[in-house]
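These notes concern the structure reproduced below.
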Amino acid sequence: MTKKPYITSIQVAAISGGSALMFPYTFLPVLRVTPANQDAWLVVLLSLLYMILFNVPILLLINKFRGLNAVEIMETVMGKPAGKASAFLLFMFAMFCFFSCMQAMSIYLKLYIIAETPLWVIIMFLLIPLTYASMKGAGVVARLGVTVVPFVVLTIVAFFIMGIKDMEIANLMPIGADSSFLDLNYGAILTAARFSEIIVLAVFSYYLKDDVSINGTYFKSILIFGSTFLLMTLATLLLMGSGVAKLQNNPFLSYARQVGGGEILQRVQALNIFSWFGGSILKLTIYNYIASFILSKIVGSNKLKPKHYAIPLSLIAFILTFIPVMRKMSTLHYINSELIFPSIVFSVVVVLPVIILIVYLFRYKAVNKATTDLLNAKKQQEEQQNMEESNVQSVANQPQPQPQPPTAQNDP
Amino acid sequence: MKNKKTVIYMIVLAVLFTTMAGSWSRKEPKHLALSNSYLYDVDEDGNYEITVEYLDSPSGGTTAAGNEKFVVMTHKGKTPPTTIRDPGMTVEKDVFGAHNRVRFFSERLAKKGVLDLLDFFVRGYITDERPYLIVIKNEDPGMIYKADKGFSDRVGDYIYEMGDNRGERTLYSAFVRTLDFCVDYYTEGQQCVTGVVEVKPNPVSLEEAAEDDKPKKYYMSFEGLAVFKEDKLVGYLDGEDTMSYKLLADKAKDSPMAVSVEGEDLSIVLRKSSSKIKTSMKDGKPIVEITLTNMVMISQNNTKYCVSDKDELKIVEEAMNKDLSQRLKKSITKVQTEYKSDIYGFGKHLHMQQPKEWKKVKDAWDDEYFPKAEVTVTVKNMVDFEGQSLEKFGEKNVKQRKY
């Protein structure tokens with residue numbers, strides 16, 4: 001059995017916040033959600049509050065059952081069959097996120113950026129690095145996060161600064177006058193319901209050291225996500241106004257094309273594409289890993305680790321991407337619409353954890369006992385593993401017998 | 001050792017990135033014809049005529065003589081995207097429009113409406129919203145490619161340089177990018193404008209000069225701007241009225257102009273200018289109160305006043321305020337009555353300041369409310385620098401002053 005890797009709070013915050021960031025980076029759907037006007041930035045601010053509210057059930061669960069992974073939590077609270085079924089829902093959700101992100105990336109790359117490159121080449125370009133990183137495990141995914149996410153955030157900040165001289169504060173006016181309180185809240189709820197990255201925290205918080213605060217990590221990820229999300233929304237609105245910004249399929253990339261005006265700065269927009277590409281690969285890696293991790297825990301085989309599932313899951317996504325209907329932008333719009341995406345995320349991120357919490361309330365005595373037993377068993381297993389490792393280490397450190405010089409009899 | 005390997009990987013990656021930044025596709029740049037400017041026109045049957053200025057790339061784009069190679073071609077077709085793709089197969093290279101600098105509209109087309117074109121500009125993945133939009137006043141818009149291009153080799157570059165280097169510093173011409181036009185189009189209570197160009201006979205002929213040194217027969221004049229209502233051209237403003245527009249839109253900086261002080265000219269440079277527009281509704285009539293504050297430097301003094309003397313300067317400032325406010329008022333009245341198109345954005349300010357009132361009037365704003373808006377203009381000129389000289393040049397018998 002391999003030892004559990006420990007990852008830091010900032011690594012988890014980076015992958016969670018960074019992964020969440022890629023959706024607005026690509027679509028900025030907040031510009032089109034009700035009230036769909038210059039108050040979109042108010043919707044962003046309000047949505048952060050709703051996001052925290054929606055994430056309370058999962059935060060309660062991962063804090064309460066610290067030391068158990070997501071599948072173990074579900075199995076412990078709901079019993080084996082129902083737990084496995086719930087875990088399967090989570091697996092399907094991770095696959096949905098993995099596939100929809102893959103579809104979005106391939107469509108944008110194909111239609112928008114490298115139109116003359118064959119689709120299979122684009123997909124291979126995405127799949128090979130992400131599958132490799134996913135197979136390497138949670139530690140590598142986390143380290144990838146702290147490499148890619150700062151670059152993404154810095155690019156957004158840099159593009160914001162480059163656009164300042166062309167921004168018009170009048171594009172945000174009048175503030176709040178054209179939107180009702182109800183409109184703003186409705187938009188904020190729909191926007192918050194798109195935030196699925198609490199799942200990332202739920203899976204990766206398992207690898208946090210015991211003394212690291214899960215809530216602190218969560219708020220760090222919200223800070224990374226919220227501040228950059230707000231910056232992108234403000235930049236796009238201030239430069240393009242709500243009317244033109246919401247026309248765009250890709251508002252922030254369109255914004256990046258406008259700033260700078262020409263010459264050297266015009267070429268800097270390539271940075272934006274690199275940043276988007278790197279961030280999207282990270283998001284794909286995260287969801288591939290989550291899906292592999294959950295599937296391996298559902299199957300529960302000692303021989304099959306998460307890394308063994310990474311390639312098959314990538315292959316499934318590869319095949320799905322070639323279904324003709326999946327290659328249409330309108331399908332992507334439908335999946336990402338207010339009707340589909342927020343409903344699916346809300347079901348998995350809010351409804352499922354609430355059900356688990358309710359079940360826990362009914363069976364808390366039995367669940368608490370089972371949790372303690374499971375944690376003790378894990379602790380014993382870890383201690384035994386540490387002892388075995390230290391034995392191996394001490395044997396390795398013992399002085400090795402010196403090779404004897406060849407004797408005359410041994411000479412040929 | 002491990003760190004060394006990482007560093008090598010990073011360097012290799014960085015080098016690879018530089019190769020990727022050159023092109024967006026597998027197409028070698030040498031097979032591309034890069035467009036530098038587009039002229040959009042329509043014929044009587046409504047078919048598009050698009051004239052494109054192509055640059056050969058990048059076999060250097062230069063001939064043995066060192067001049068860049070470029071060609072101007074006209075394509076005809078039903079819609080802009082199909083026409084732009086050269087349906088008559090006149091250019092042997094693949095057309096690439098991402099380096100376009102300027103979009104010209106013929107007067108015919110601009111009067112008909114540019115909405116279809118804007119949809120193409122915004123929708124096209126290779127087109128973008130950076131190029132300037134300019135209406136050509138001439139009956140034959142193709143004349144633009146016969147005019148003098150100053151120090152530039154191509155018309156697109158000429159306009160781009162002109163707009164970027166001088167656009168903000170002139171009060172008499174407007175250089176408007178596609179994005180600004182689109183933003184204004186979508187802004188409630190704001191109508192759009194574009195730049196305007198007229199090709200005129202060049203008064204300088206230099207008959208005796210060698211053929212290569214002779215100036216071209218025509219030159220481009222950018223004075224004024226084109227007024228749109230929704231997506232249609234409704235008329236032009238001259239240089240004087242363009243000045244009013246740019247001052248009210250806060251689009252002036254370090255711009256030279258002349259003002260009248262008791263019938264004499266005073267040349268000034270507006271170092272900084274800012275306008276405040278206060279709007280309200282009274283008895284169903286919009287009230288617009290404009291306050292324009294200018295920081296001014298004097299560049300030539302033809303008046304009888306000594307502008308270094310604070311008391312005399314006050315008289316000059318008052319006279320400047322009066323002159324400028326009268327000129328602004330006159331221009332605004334012209335736009336209100338002749339064009340009924342709110343290019344100043346009074347409606348936008350009403351929307352920002354009185355959103356409830358705006359909802360009541362917005363549908364009829366340009367035709368009904370904007371023309372009858374009661375506009376008052378207050379100008380506050382502050383001369384912060386009278387130039388390098390203390391007295392008017394040539395005045396020899398000046399009394400000793402106390403400064």
Side-chain angles (χ1 to χ4, degrees), chain A residues 37-39 108-118 121 147 163 165-179 237-250 253-271 273-274 277-278 329, chain B residues 10 13-14 16-18 20-27 94 98-101 118-119 121-132 157 160-161 163-164 168 177-190 249-250 277 345 348-359 362:
Chain A
N37 60 18
Q38 70 277 10
D39 294 327
Y108 274 114
L109 285 168
K110 178 73 188 156
L111 298 183
Y112 203 69
I113 296 166
I114 39 177
E116 294 185 25
T117 308
V121 175
T147 314
K165 74 176 176 60
D166 297 320
M167 291 176 185
E168 287 281 348
I169 196 80
N171 287 337
L172 297 185
M173 304 288 180
I175 298 172
D178 293 344
S179 331
L237 282 175
L238 283 166
L239 187 87
M240 303 166 94
S242 164
V244 177
K246 70 184 179 195
L247 265 185
Q248 311 284 333
N249 249 328
N250 228 193
L253 289 185
S254 297
Y255 162 84
R257 279 176 16 147
Q258 307 304 326
V259 299
E263 305 304 329
I264 291 169
L265 284 173
Q266 191 173 321
R267 288 167 203 147
V268 175
Q269 57 178 276
L271 265 183
I273 302 291
F274 291 143
F277 192 78
M329 190 68 108
Chain B
M10 297 298 271
L13 266 178
L16 277 176
F17 273 161
T18 59
M20 290 172 77
S23 178
W24 291 115
S25 70
R26 291 185 300 166
K27 187 73 85 178
D94 209 7
H99 294 274
N100 181 28
R101 304 290 208 186
L118 289 172
D119 183 71
F121 300 154
V122 176
R123 190 179 293 275
Y125 82 96
I126 211 77
T127 57
D128 66 33
E129 292 86 44
R130 276 192 302 259
Y132 287 110
D157 289 339
Y160 176 79
E161 291 290 329
D164 273 22
E168 204 179 37
R177 291 186 185 274
T178 310
L179 178 69
D180 300 326
F181 188 94
C182 294
V183 171
D184 285 349
Y185 184 83
Y186 273 95
T187 303
E188 287 186 23
Q190 172 80 57
D250 283 341
I277 298 174
K348 179 176 83 176
H349 285 88
L350 185 67
H351 180 205
M352 290 194 282
Q353 294 158 10
Q354 312 280 340
K356 283 183 186 163
E357 293 289 343
W358 172 248
K359 276 179 191 159
K362 68 176 186 180

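Computed from heavy atoms alone, side chains included, the values below leave out hydrogens, waters and symmetry copies. Naming convention: chains lettered A, B, ... in sequence-line order (proteins, then strands); numbering from 1 in each chain.
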Checking heavy atoms, do the side chain of [X], its backbone, both or neither come under 4.5 Å from chain B?
| X | result |
| --- | --- |
| A:Asn171 | side chain |
| A:Leu239 | both |
| A:Glu168 | neither |
| A:Ala170 | both |

Region of B:Lys356 in contact with chain A, defined by heavy-atom distances below 4.5 Å: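 Neither part, no heavy atoms under 4.5 Å.
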
Exam field: side chain B:Asp184 to backbone B:Gln190, donor-acceptor pair closer than 3.5 Å: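 No, the answer is negative, given that no donor and acceptor are paired below the 3.5 Å cut-off.
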
Expected output: side-chain B:Glu188 to main-chain B:Trp358 donor-acceptor under 3.5 Å: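 Answer holds: no.
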
Option passing side-chain contact (heavy atoms from CB on, under 4.5 Å) with A:Met173 (candidates B:His351, B:Lys348, B:Met352, B:His349):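 Only one of B:His351, B:Lys348, B:Met352, B:His349 forms a side-chain contact (heavy atoms from CB on, under 4.5 Å) with A:Met173, namely B:Met352.
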
Side-chain ion pair, B:Asp164 and B:Arg177, N-O less than 4.0 Å: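 B:Arg177 and B:Asp164: salt-bridged.
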
B:Leu179 and A:Met240: CA distance, side-chain angles, deciding distance, side-chain contact (heavy atoms from CB on, under 4.5 Å) verdict: CA-CA 7 Å; B:Leu179 178 69; A:Met240 303 166 94; 4.1 Å; yes

